[in-house]
Amino acid sequence: MSVNAAAAQALDDIAKMMDLLGEESFKAIAHSRASRLVGDMGEDVSTLDKKALMAIPGIGAKIADKIIEFCTTGRMREHEELAARVPPGLLALMNVPNLGPKTLRTLWQEGGITDAASLEKAIADGSILTLPRMGAKSVEKIRQSLEFAKTSGERLWLGRAWALAAEIVDRMRAHQGVAKAEAAGSLRRGKETVGDLDVLVCLKKGANAAEVSEWFRASPGVTQVLAAGESKSSVRVALNHDTGRWKLEGKEGEAKAGPSIQVDLRVLPVESWGSGLMYFTGSKEHNIRLRERALAQGMTLNEWGLFPEDDEKTPPQSRGVKPVASATEEEIYATLGLAWTPPEAREDRGELDHKGAWRLVEVGDIKAELHAHTTASDGTMSIEQLASAAKARGFHTIAVTDHSRSSAIANGLDEKRLAAHVKAVHAAKVPGITILAGSEVDILADGRLDYDDEVLAGLDVVVASPHAALSQDSAAATSRLIKAISNPSVHILGHPTGRLLNKRKGLEPDMKALIEAAVAHDVALEINAHWMRLDLRDVHVRLAVEAGCKIAINCDTHEPRDMDNLRFGVMTGRRGWLTPELCINCWEEKKLHAWLKKKRK
DNA sequence: ATGGATGTCCATGCCGCCAGCATTGGCGG
């Protein structure tokens, strides 16, 4: 775990333990906010001194001290003091849905429950029913949540969630009572993994909400119905893990055991489409900022619309109050004096201070794929098939970058095979697209590249990527990657950390140093669009964009369907506020080729 | 615990919905 992630975890634990102990809620909120700030930070938090930490809104002297203590000693005294007062099993239960701090505190203080085992026992023998607010329905809900928490430890990959969400949304749109349907939540924000799916449906005039909800609950793959209201339903849908070219040991068997994902449906009238979408898209923190802003302007915002504030207790829509805006996201943001905010930027990372209209990279901007494999190494397509597929996407350029010799498992090319392959690539012709000959050259553990410099200098495009020695320490990783960036023939640093989501954490280089080197040597950092990689990750893209570092978004195409992953790479770029100007795949042909050739003089 | 207005104090994280056992606490975007 990176220092940032570890420090964020410690701060979040502190916040949760404070909640469990019933301490002043603002203290817990402050720690929870600080946890998010540290976790979202692109640069290594240990490189910041107290002054720099305190310059971040939300981090004051006390928390800055705790962060510094953690970076220098690896511990936080306060964390240990709290941990001595809160049973560890209780903290773990905070991750179980339907178990919040207050519920757990009651279970602990009044029922002597300290962990999952004692909770299960209290449910089994019925003793839990004697505790306050513990009726049969609540207990059954908790029982199911506990069961679910056992089988599903991990969040689902964006790419897998996307396919499932598309099926459900299509099904909902097929119902005659449905005017509009869309997947919202963290999926719409393009988060690299999602915990559940949120589907918003708006009804045609006169349509029956209960009937539409029933249609939803009868979707194929539903294994369990958790809630069955007229306008709100929750179900679990079975997952089958198809992870493509990565065979995940254990995962396939596990799939038969029945991992599933929760899918929530909300039904609203069609007039509330915009406000409903904003509510269900989140993030929670973004929603809070928007609602604060609405209040400051004499309005109140909920999923039904943006209303004039009237200090009444009951919700305005229930009193027939007309909203100021509700039908589209654009009009609601506009009424609040804001530009429409891209869903990917709705994370309370300063997006409400953004000046003017947003113009982030879009799928339609991408005009080149600069990292692709053919049958020469581990791809499934010939050079011509690959180029035709790229042409069909409207690209002006495709770079053939098969693996280098050290990637033996991927049938990497030695220098002799490479020379022949380059000839074949240059001889290949597909009308309307330029085919470039390149390589995805391995970055060896010490930062040397897998081909000699003169070989690399003879290629049109060089993508340098780490594939092995991915558990080396941070300092070694930093110097390794910077050495690769410094090679004058390298254009792109491919999947810079080598991480695989839910599988391996990959390298943890000093990102700030890496980005500085990339800027100095005019190397683009890749966002690998495969949903198991999404590497660079969002916060590092943001850091790179702020530094003016060029970014490449590549599908790392091995087979035709890989090009469909482009949207995930683009969403990751948008989460890092990436503009088309900084994304080399968006450049027109002349500009891109001139940039590539600059390294060949 | 933080940040902003003062010079030490004060306000601060929105909203709707649900179950419960009754007027509120907890959840989740």
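To find a chain, count down the sequence lines: A is the first, B the second, and so on, and within it residues start at 1.
Nucleic acid contact class of A:D196 (heavy atoms, under 4.0 Å, all strands): sugar-phosphate only. A:I63 comes within 4.0 angstrom of the backbone, heavy atoms only, and of no base. Residue contacts shown for A:H286 are absent, as no nucleic acid heavy atom lies under 4.0 Å away. Contact annotation for A:D264: no contact, since no heavy-atom pair falls under 4.0 Å across all strands. Among the heavy atoms of the strands lying under 4.0 Å from A:F280 are primed sugar atoms or P, OP1, OP2 only; no base atom is included. As judged by a 4.0 angstrom heavy-atom cut-off over every strand, A:I56 is placed among residues touching the sugar-phosphate backbone only. No engagement by A:L11 is indicated, since no non-hydrogen atom pair under 4.0 Å with the nucleic acid exists.
Here the separation of B:dG25 from B:dG20, taken at their C1' atoms, is 10 Å to the nearest Å. Taking the P atoms as reference points, B:dG7 lies 23 Å from B:dA1, given to the whole Å. For the P atom pair drawn from B:dT2 and B:dG13, the interatomic distance equals 16 Å after rounding to whole Å. With C1' as the reference atom, B:dC21 and B:dG26 are 15 Å apart, rounded to whole Å. Annotation: B:dC9 and B:dA19 have their C1' atoms spaced 40 Å apart (nearest Å). To the nearest whole angstrom, the two C1' atoms, one in B:dT8 and one in B:dC17, are 41 Å apart. B:dA11 sits 24 Å from B:dG16 when the C1' atoms are compared, rounded to a whole Å. Comparing the C1' positions of B:dA22 and B:dC10 gives an interatomic distance of 33 Å, to the nearest angstrom.
Checking B:dG29, B:dG3, B:dG25 against the side-chain heavy atoms of A:R133 singles out B:dG25 as nearest. If you check B:dG20, B:dG3, B:dG16 against the side chain of A:P57, the one that comes closest is B:dG3. Of the listed nucleotides (B:dG13, B:dG3, B:dC17), B:dG13 has the atom at the smallest distance from the side chain of A:S32.
In this structure, A:Y279 does not count as stacked on the base of B:dC15 under the 5.5 Å centre distance and 30° plane angle limits.
For residues 53-65 of chain A, the pairs satisfying salt bridge (Lys or Arg N to Asp or Glu O under 4.0 Å) are A:K50-A:D65, with sequence neighbours left out.
Ion pair A:E546/A:K512 not flagged as a salt bridge, since none of the NZ, NE, NH1 or NH2 atoms sits closer than 4.0 Å to an Asp/Glu carboxylate oxygen. Using a cutoff of 4.0 Å between basic side-chain nitrogens and carboxylate oxygens, A:D538 and A:R189 are not scored as salt-bridged. With respect to the salt-bridge test (charged N to carboxylate O, under 4.0 angstrom), the residues A:R533 and A:E192 do not qualify. The pair A:E292-A:R289 meets the salt-bridge criterion, with a side-chain N (NZ, NE, NH1 or NH2) lying under 4.0 Å from an Asp/Glu carboxylate O.
Residues A:P323 and A:L306 are not in side-chain contact: their nearest non-hydrogen atoms beyond the backbone lie 4.5 Å or more apart. When side chains are defined from C-beta on, A:L104 counts as touching A:M94, because their heavy atoms get closer than 4.5 Å. Side-chain atoms of A:H79 and A:K66, non-hydrogen and from C-beta on, never get closer than 4.5 Å to each other. Between A:L336 and A:M299, the closest side-chain pair of non-hydrogen atoms falls below 4.5 Å.
Here the P atom of nucleotide B:dG13 and the CD atom of A:E347 are 20 Å apart, to the nearest Å. Between the NZ atom of A:K137 and the P atom of B:dG20 there is a distance of 7 Å, rounded to whole Å. Here the C1' atom of nucleotide B:dT12 and the NZ atom of A:K27 are 15 Å apart, to the nearest Å. The nearest whole Å value for the distance from the CD1 atom in A:I14 to the P atom in B:dA1 is 10 Å. For the pair A:I288 CD1 and B:dG16 C1', the computed distance is 13 Å after rounding to whole Å. For the pair A:E140 CD and B:dA19 P, the interatomic distance rounds to 13 Å; values are reported in whole Å. When the C1' atom of B:dG29 is taken as reference, atom NZ of A:K191 falls 13 Å away, rounded to whole Å. Atom CG of A:L265 and atom P of B:dC17 are 15 Å apart (whole Å).
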Pairing annotation in dot-bracket form, given for DNA chain B with Watson-Crick or G-U pairs under 3.5 Å and | for cross-strand partners: (((((..))))).((((((....))))))
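Ranked by how close their nearest DNA chain B nucleotide is to the 5' end, A:T103 and A:D198 are led by A:T103. Between A:P132 and A:A30, the residue anchored nearer the 5' end of DNA chain B, judged by the nucleotide with its closest heavy atom, is A:A30.
Taking only side-chain nitrogens and oxygens, A:K102 comes nearer than 4.0 Å to OP1 or OP2 of B:dG26. The phosphate of B:dG13 (OP1 or OP2) has no side-chain N or O of A:S25 nearer than 4.0 angstrom. Look at A:K284 and you won't find any side-chain N or O under 4.0 angstrom from OP1 or OP2 of B:dG28.
Using a 4.0 Å cutoff on non-hydrogen atoms, the parts of residues 290-309 of chain A near DNA chain B are A:R291, A:E292, A:L295, A:T300, A:L301, A:N302, A:E303, A:W304, ordered by number.
With hydrogens and angles left out, the side-chain atoms of A:R133 and A:S138 include no donor and acceptor closer than 3.5 Å. Judged by distance alone, the side chains of A:S2 and A:N4 never bring a donor and an acceptor atom under 3.5 Å apart.
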Worked verdict on A:E347 versus A:R542 for salt bridge (Lys or Arg N to Asp or Glu O under 4.0 Å): CA-CA 13 Å; A:E347 296 288 351; A:R542 177 87 180 266; over 6 Å; no
